[in-house]
Structure formats: C-alpha cells, structure tokens
J.: 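The following block contains the structure, expressed as structure tokens.
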Amino acid sequence: MDHFIYRDGTLFAEEVPVTEIATAVGTPFYCYSSATFQRHFRLFDEALDGLDHLVCYAVKAASNLAILKTLGALGAGMDVVSGGEYARALAAGVPGERIVFSGVGKTREEIATALNGGLRQFNVESEPEMDVINSVALELGLVAPITVRVNPDVDAKTHAKIATGKSENKFGIPISRARDVYSYAGSLKGLKVVGIDVHIGSQLTELEPFELAYRKVAELTEQLRADGHKIVRLDLGGGLGIPYERSNTAPPLPIEYGAMVKRVLGHLGCEIEIEPGRLIAGNAGIMVSKVIYVKSGEDRQFLIVDGAMNDLIRPAMYEAHHDIIPIVESVPGTEMTRYDIVGPVCESGDTFARARVMAPLSQGDLIAFRSAGAYGAVMSSEYNSRPLIPEVLVNGDQFAVIRQRPSYEEMINRDSIPPWL
Ligand code: LLP
C-alpha cells in the first residue's frame with residue numbers, strides 16, 4: 001500500500017495534487033511520500049517484534065538526505081556500501097552505532113573514515129579485505145567489529161543481475177570455507193567478530209530462498225559457537241520484493257518474512273539485523289513525466305515523454321516493469337489504446353514499455369511511473385546532457401524540493417577547461 005491515490009479523478013501524493021507539484025517544479029521529477037516510507041519501515045520493525053533487532057535501511061535504494069532523515073527519526077539503522085553513503089547517513093543524523101558498512105570493495109580510506117566516525121560493524125566479504133580492516137584498525141588503535149558475509153550458494157530466483165547468493169557471484173565467502181575464515185578472523189587483533197552476514201539478492205518474490213539461506217546460517221552459527229566464536233548478531237540482508245505489477249500476485253509481506261525469521265533463527269538468541277531497501281523505498285516514490293509527442297509509427301503509436309533512461313534506468317537495464325498511469329484518471333468505459341512509451345534519449349533502449357495498454361493521451365498530458373522510489377533517482381545520470389531531475393518529498397499537505405534540478409549552467413560549470421585550451 002502506498003499514498004499515491006486518485007481523488008476526484010486526479011492523482012494525489014498524500015494530500016497534495018501531483019499537478020500542483022508539476023506546476024511548481026516542472027517535469028520530469030521524482031515525488032516521494034513520507035508516510036509511505038514511514039509505513040514500510042514500521043512494517044519491518046513490527047514484523048521483527050519480539051526479537052532484539054535493528055532495521056538498517058539500504059541507503060543505495062534512495063539516498064536523499066531528507067529520506068534518510070525521515071527514516072533515521074524513526075530509529076532506523078542504515079546499511080551503506082561506500083564512503084559517500086556513510087557520509088550521507090552521518091549527515092542525516094544517524095549515529096555511527098546504527099550504521100552497517102557492507103560492500104565487496106571497501107577501500108582503506110573508506111574503512112578509516114568509518115572507524116574514525118564510528119560504526120556498528122563491517123560486513124566483510126573476503127580475506128584480503130579482512131587484512132586491510134585489521135591493519136587500518138591497528139594503525140588507528142581501534143578494534144573493528146565485523147561479521148563475515150557468507151555466500152550460501154542458494155538460488156534467489158530473481159533477475160540474474162541482482163542475484164548475489166550463488167557461488168558464481170562475486171559476493172561473500174563460500175559458506176563451506178566459513179569456519180576457516182572465522183578462525184583466521186579470530187586471530188587478528190584489530191578485529192572483533194560479532195556475527196554472520198548473508199544477502200542473497202534483490203526483488204525476491206518467495207520466502208523459500210531466504211529460508212534455505214537462513215537455515216544454513218543457523219547451522220553455521222552453532223558450528224562457530226562450538227568453535228569458540230561469540231556470534232551475537234545475524235545480518236540477514238535485504239531483498240524482499242515488491243509488487244511492481246498490480247495485476248500480479250503480491251510477494252510475501254514483511255510480517256510473513258518476520259514470522260519465518262523467528263521460526264528459523266529465533267532460538268539462537270541473536271540480535272537480528274535486516275537491510276531492506278526496495279520494500280521501504282520502491283512504492284514510496286513515483287517519477288512524473290510529460291508527454292512531449294504522440295507519434296504514429298508504421299504499426300504502433302509511440303508516446304514520447306520527457307523522462308528518459310538516464311532518469312529511470314531500470315527498464316533498460318533489467319527489463320523491469322513499472323506501472324505507468326495517467327495523472328488525470330481515465331473515465332470508466334474509455335476505450336483503451338496501446339503505446340510504446342519511450343524517452344528522448346538517442347538509443348532504442350530508451351524504452352519504458354512496449355504495447356502498454358493505456359487510455360488515450362495527448363501532448364502535454366502528465367503520467368506517473370509507479371514503484372520508482374527505489375533504484376530510481378540514485379541510478380540516474382546526465383547522459384545526453386540531461387540535468388538530473390529534481391526530487392520532491394511530500395509530507396501530508398506539504399511538499400518540498402529535496403534536490404534541485406541543476407540549470408544547464410550549473411551542469412556545464414562542473415567541467416573545467418585545461419590551461420592549453
Ligand atoms: N544489502 C545488500 C548487501 C545489498 O547488496 C542490497 C541490494 C540490499 C541490502 C538491499 O536490497 P533490497 O532490499 O533493496 O532488495 N538496482 C537494482 C537492485 C540492486 C540491489 C543491490 N543490492 C534494481 O533496480 O533492481
């Protein structure tokens with residue numbers, strides 16, 4: 001459930017008509033709903049009720065400071081994967097002890113920054129990385145709390161580009177080698193082993209792969225404890241999928257996920273961390289765009305809109321489906337038509353949807369790409385020198401621009417001319 005709903009035939013974001021925002025900021029733009037972010041965070045928080053737990057929002061999904069602040073104020077932790085995300089989490093007021101540092105290629109500089117600024121733990125992905133964290137910690141006279149990310153070799157049954165838990169993926173340490181790796185970690189004086197981490201992929205639409213992975217983690221916990229390690233924390237990653245197509249069956253709910261976690265891992269008495277991104281942010285955001293032209297092709301109609309693959313890359317990159325709806329609701333009984341919905345970028349890949357059934361639209365009409373809150377703005381670029389589009393956050397009957405659209409001048413002025421030109 002989200003807070004983008006039609007009222008009197010026009011789409012609202014919470015209490016604000018989307019047309020009002022479009023008039024104020026121009027199109028295209030991202031529009032987020034505070035209430036939806038808050039609701040989704042609470043769903044996870046409540047789903048783990050009864051367990052000692054922390055929901056660490058995966059910052060990569062939507063990293064605007066205002067979003068992090070909205071979630072941080074509810075007590076959310078943050079899962080970060082770069083020095084930049086770490087800096088954002090701190091800037092949003094999230095204390096270091098609620099920040100988990102994940103990622104397969106942390107640099108010395110990033111490690112030092114997080115150790116100096118404070119963090120909950122590093123999720124370590126390889127032995128060379130373990131050595132570097134140890135050496136930086138010793139240099140700084142600190143001890144780095146760590147988990148080791150294990151790769152359980154489980155098929156997440158999701159798009160290949162976002163599956164991470166199979167042995168062919170670059171992530172984690174093969175679970176079969178975990179005991180040796182933990183024993184090595186235990187010998188390093190700059191590290192303190194606190195738990196185990198696992199993340200098998202994103203947009204999972206079934207609980208079974210999670211359960212398979214978590215059963216392996218439960219078994220490993222017992223083994224590592226028998227080996228003398230203090231395993232007090234289990235980081236279970238993110239990955240719960242969202243219903244991108246309203247017509248499809250919905251993926252499991254956080255409450256069902258939470259019940260499974262309790263069933264499979266509850267007896268271990270560990271603190272549970274989860275790192276959801278998409279489920280918190282995905283349906284909390286839409287991208288609003290305007291029809292520039294309706295163009296008749298040989299055998300199809302193209303809807304050329306002012307948003308493009310540089311603004312929302314998911315369809316081009318993952319063949320992802322986004323529901324696309326008109327801002328002015330079509331009148332019941334309207335005869336539908338089909339459009340290929342495309343952006344202005346000079347690539348055929350700049351296609352959002354093919355043969356999409358919609359009510360007829362005309363030049364100047366506004367449309368919304370639903371479920372664009374996660375991996376939308378954060379993955380955008382200025383390809384074709386199209387300035388990054390603004391982000392707007394709605395809260396009840398108020399809205400604010402939380403990232404401005406740069407002018408052409410601002411965009412160009414980031415380049416500099418070398419002395420010989
Ligand atoms: N934790 C780790 C270690 C991750 O790598 C990810 C996502 C998450 C948590 C959050 O997963 P989520 O709950 O959002 O599924 N750009 C792609 C998704 C990439 C996901 C990368 N890792 C997309 O647009 O579908």
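Because the structure is predicted, anything quoted here is derived from the model rather than measured. Counting convention: from 1, in listed order, for ligands and their atoms alike.
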J.: Among E110, M78, Q121, find the residue that satisfies the side-chain contact (heavy atoms from CB on, under 4.5 Å) test when tested with F101.
T.: E110

J.: In chain order, what residues pass the side chain to side chain contact (heavy atoms under 4.5 Å, CB included) check against R246, with sequence neighbours excluded?
T.: D2, N283, D323, R370, S371

J.: Applying side chain to side chain contact (heavy atoms under 4.5 Å, CB included), name anything that partners R225, two or more places apart in sequence or on another chain.
T.: T221, I231, L268, C270

J.: Does R98 use its side chain to pair, donor to acceptor, with the backbone of G72 at less than 3.5 Å?
T.: yes

J.: Taking salt bridge (charged side-chain N to carboxylate O under 4.0 Å, His left out) as the cut-off, I'd like each qualifying pair that reaches into residues 396-408, sequence neighbours left out, listed once.
T.: E391-R403

J.: For ligand 1, what are the residues with a heavy-atom contact below 4.0 Å?
T.: A58, K60, D79, R149, I162, H199, S202, Q203, G238, G239, E275, P276, G277, R278, R314, Y318, Y375, M379

J.: Do R7 and F12 meet the cation-pi criteria used here (NZ or CZ under 6.0 Å from the six-membered ring centre, within 45° of the axis)?
T.: yes

